[in-house]
Amino acid sequence: MAKEYTLSIIKPDGVERNLVGKIVTLFEAQGLSVAGIKKVQLARKVAEEFYGEHRERSFFGELVDFMVRSPVVVIALHGENAIQKNRDIMGATNPAQAAEGTVRKLFAKSIGENTVHGSDSAKASEREVGFFFAASELL
């Protein structure tokens with residue numbers, strides 16, 4: 001496997017509860033490195049653009065409201081098989097179904113407040129990392 005980038009977002013519920021360090025530690029313990037990281041307050045328009053593929057789904061408005069309620073931490077992760085590794089570390093969307101030791105099992109409050117977002121494919125990863133980071137910001 002080649003080294004690749006992927007995006008992780010620590011959502012408002014994770015930032016509000018000061019879980020950033022604990023979550024980054026889980027990524028690093030599994031061999032992913034932080035290539036870029038920043039704390040941002042998403043504007044509604046930015047959140048709507050980022051999650052635009054979900055615009056027609058019933059949860060879109062609730063998702064956008066959640067993502068703009070307080071700051072998030074966006075992280076470009078890098079490493080071998082980073083996309084799948086990040087998804088494995090996050091765990092299932094529903095924390096009740098997430099494997100023990102995953103971010104969502106450990107920290108998520110609910111399906112809606114599931115603490116982290118992660119790119120689900122190479123195409124999504126390229127778009128999502130580029131959405132938040134210029135190439136010159138990835139170290």
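In this chain, numbering begins with 1 at the start of the sequence shown.
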How many angstroms lie between atom [atom1] of [X] and atom [atom2] of [Y], to the nearest 0.5 angstrom?
X	Y	atom1	atom2	answer
Arg104	Asn94	CZ	CG	10.0 Å
Ser70	Lys39	OG	NZ	8.5 Å
Arg57	Tyr51	CZ	OH	13.0 Å
Glu113	Asp13	CD	CG	5.0 Å
Ile23	Asn18	CD1	CG	10.5 Å
Leu63	Arg55	CG	CZ	11.0 Å

Residue pair [X] / [Y], side-chain heavy-atom distance below 4.5 Å:
X	Y	answer
Gln84	Asn81	yes
Thr102	Met90	no
Leu32	Ile89	yes
Phe27	Asn86	yes
Met67	Ile9	yes
Ser33	Glu28	no
Val129	Thr6	no
Ile83	Ser121	no

Test item: side-chain donor near acceptor, Asn114 and Thr93, under 3.5 Å: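 The criterion, which ignores hydrogens and geometry beyond distance, is not satisfied for Thr93 and Asn114.
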Are [Y] and [X] linked, directly or through intermediate hydrophobic residues, by side-chain heavy-atom contacts shorter than 4.5 Å (ILVMFWY only)?
X	Y	result
Leu19	Ile75	yes
Phe60	Phe131	yes
Phe133	Val116	no
Val74	Tyr5	yes
Ile37	Ile10	yes

Take atom [atom1] of [X] as the centre, draw a 6.0 Å sphere, and report whether it contains more than 12 heavy atoms from other residues, nucleotides or ligands.
X	atom1	answer
Glu53	CD	yes
Glu137	CD	yes
Glu126	CD	no

Which heavy-atom pair separates [X] from [Y] by the least distance, and what is that distance?
X	Y	answer
Leu106	Gly101	CD1-O, 3.5 Å
Thr115	Gly14	CG2-CA, 3.9 Å
Ala76	Leu138	CB-CD2, 3.4 Å
Lys105	Ala99	CB-O, 3.2 Å

Say whether, by atom type as modelled, one donor and one acceptor occur between the side chain of [X] and the main chain of [Y] under 3.5 angstrom.
X	Y	value
Arg87	Ala92	no
Arg127	Phe50	yes
Lys38	Phe132	yes
Gln41	Val68	yes

Side-chain ion pair, Lys85 and Glu4, N-O less than 4.0 Å: no
Asp65/Arg69 salt bridge by N-O under 4.0 Å criterion: no
Ring geometry between Phe59 and His54 (parallel below 30°, tilted from 30 to 60°, perpendicular above 60°): tilted
